Novice: 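Have a look at this one before I ask anything.
Every value quoted in this text rests on a predicted model; they were computed, and no experiment measured them.
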Amino acid sequence: SPAYLTGMQVIGSNLFVAGDFKKAGQVPVESIAQWDGKQWSDLGGGIPNTRGSFLLAQDSSGKLLVGGKFSSISGIPCNGLAAWNGKEWSEVSINPKDSVASASAVCVSPNGDLYVAGNLSVNGEPTKTVIIRKRGDVIEKIGEIQAIPKSIPMVNVMACNGDLMY
C-alpha cells in the first residue's frame with residue numbers, strides 16, 4: 001500500500017513527519033521520522049505495528065507531541081498521546097487510569113495548557129468524544145461531543161490562539 005503523511009511539525013530547524021510509512025529516504029522507520037535539513041532519522045523505534053493517522057504538535061517546553069490510536073510507543077505504555085524530548089519517548093497522561101484513549105486533535109496554548117480531543121471508553125461504557133484540558137497536573141473534561149444515532153463523533157482539528165481554543 002502507498003505511504004502517506006498525516007502530521008507535520010517544525011521544531012527549531014527540524015521537521016517531524018508522521019503517518020503510514022516504513023522508510024524516510026533510505027532510513028527504516030516506524031510511522032514517524034525527523035528531517036534535520038540533511039538527513040532522515042528514526043525516533044527511538046517509532047510507533048510499531050500501528051496503522052492510522054497521527055497528529056503532531058509542540059508543547060510549551062519544546063517537546064514533540066504525537067497523538068493517535070496507539071497503546072505504546074517504543075515500548076513505553078501510553079494511551080494515545082506521547083512526548084519526544086529529542087532522545088526518548090514518555091507518556092503524556094491525559095486519561096483516568098481505567099480509560100483507553102485515541103487522540104484525534106491536539107493544541108497547546110501560549111500559556112502551556114494542553115488541549116486534547118479524543119475518544120474515551122471508561123469502565124466499558126460507550127465511547128465518547130471529549131475535549132480535555134491539562135493545565136500543569138490538573139486534568140479536566142471541558143467538553144463532550146454528542147453524535148447523531150449510528151455515527152461516531154469526531155474532532156479532527158483544534159487551534160489555540162491566546163487563551164482561546166477553537
Side-chain angles (χ1 to χ4, degrees), residues 3-25 27 29-48 50-95 99 101-120 129-143 145 154-166:
Y4 59 88
L5 297 179
T6 60
M8 298 175 75
Q9 179 69 44
V10 174
I11 299 177
S13 60
N14 297 309
L15 170 67
F16 296 90
V17 295
D20 188 6
F21 55 92
K22 298 289 183 188
K23 277 191 172 184
V27 178
V29 298
E30 290 285 347
S31 301
I32 191 164
Q34 175 182 342
W35 174 255
D36 66 5
K38 296 181 181 181
Q39 63 185 9
W40 287 103
S41 59
D42 173 60
L43 273 69
I47 313 167
T50 305
R51 295 183 59 130
S53 296
F54 304 105
L55 53 111
L56 302 176
Q58 179 180 1
D59 75 4
S60 59
S61 68
K63 293 179 186 173
L64 174 72
L65 298 175
V66 61
K69 187 175 183 179
F70 53 90
S71 59
S72 70
I73 189 164
S74 294
I76 306 296
C78 55
N79 280 328
L81 190 63
W84 173 254
N85 67 6
K87 296 183 184 205
E88 62 187 1
W89 290 103
S90 61
E91 176 187 19
V92 177
S93 179
I94 58 168
N95 310 314
S99 296
S102 171
S104 59
V106 63
C107 69
V108 180
S109 70
N111 70 1
D113 288 353
L114 171 64
Y115 293 89
V116 179
N119 294 325
L120 294 177
T129 297
V130 298
I131 299 172
I132 295 170
R133 178 176 61 200
K134 182 174 183 179
R135 179 176 283 164
D137 292 331
V138 177
I139 300 167
E140 64 180 321
K141 182 172 83 170
I142 61 169
I145 310 300
M154 190 67 112
V155 176
N156 290 313
V157 177
M158 289 193 309
C160 291
N161 183 11
D163 289 338
L164 300 176
M165 184 272 301
Y166 300 95

Novice: Would you say that Thr6 contacts Asp20 through its side chain, given a criterion of any heavy-atom pair below 4.5 Å between the two side chains?
Specialist: no
Novice: Please step through side chain to side chain contact (heavy atoms under 4.5 Å, CB included) for the pair Leu114 and Leu81, ending with a clear verdict.
Specialist: CA-CA 11 Å; Leu114 171 64; Leu81 190 63; 4.0 Å; yes
Novice: Let me confirm one number: the OG-CZ distance from Ser109 to Arg135, rounded to the nearest 0.5 Å.
Specialist: 7.5 Å
Novice: Report yes if the side chains of Leu64 and Ile32 come closer than 4.5 Å at any heavy-atom pair, otherwise no.
Specialist: yes
Novice: Between Trp35 and Val10, does the side chain to side chain contact (heavy atoms under 4.5 Å, CB included) criterion hold? Intermediate values first, please.
Specialist: CA-CA 10 Å; Trp35 174 255; Val10 174; over 6 Å; no
Novice: Could you check whether any side-chain N or O of Ser72 sits under 3.5 Å from a backbone N or O of Ile76, counting only pairs where one atom can act as donor and the other as acceptor?
Specialist: no
Novice: Can you tell me how far OH of Tyr115 sits from CD1 of Ile132, rounded to the nearest 0.5 angstrom?
Specialist: 12.5 Å
Novice: Check Phe54 against Gly68 and note the closest heavy-atom contact, atom names and distance.
Specialist: CD2-CA, 4.3 Å
Novice: With heavy-atom distances below 4.5 Å as the criterion, would you say the side chains of Leu43 and Val66 are in contact?
Specialist: no
Novice: Measuring from Ile73:CD1 to Glu30:CD, what's the distance to the nearest 0.5 Å?
Specialist: 10.5 Å
Novice: Quick one: pull up CD in Glu91 and SG in Cys78 and give me the separation to the nearest 0.5 Å.
Specialist: 6.0 Å
Novice: Evaluate the side-chain proximity of Met165 to Ile142: yes if any heavy-atom separation is below 4.5 Å, no if none is.
Specialist: yes
Novice: Kindly write out the residues that satisfy side-chain hydrogen bond (donor to acceptor under 3.5 Å, both in side chains) with Asn14, not counting sequence neighbours, or none if the list is empty.
Specialist: Gln34
Novice: Can you find a heavy atom in the side chain of Ile131 that is under 4.5 Å from one in the side chain of Val116?
Specialist: no
Novice: Can you give me the closest heavy-atom contact between Trp89 and Ser74, atom names plus distance?
Specialist: CD1-OG, 3.2 Å
Novice: Below 4.5 Å, heavy atoms only, C-beta onward: do Phe21 and Ser31 meet side chain to side chain?
Specialist: no
Novice: Only pairs at least two apart or in different chains count here, so list each side chain to side chain donor-acceptor pair (under 3.5 Å) that has a residue in residues 54-66.
Specialist: Asp59-Ser61
Novice: Checking Ser104 now: which residues fulfil side-chain hydrogen bond (donor to acceptor under 3.5 Å, both in side chains) with it, not counting sequence neighbours?
Specialist: none
Novice: Would you say the side chain of Trp84 lies within less than 4.5 Å of the side chain of Leu65, judging by non-hydrogen atoms?
Specialist: no
Novice: Can you find a pair of side-chain heavy atoms, one from Phe16 and one from Ile11, that are under 4.5 Å apart?
Specialist: yes
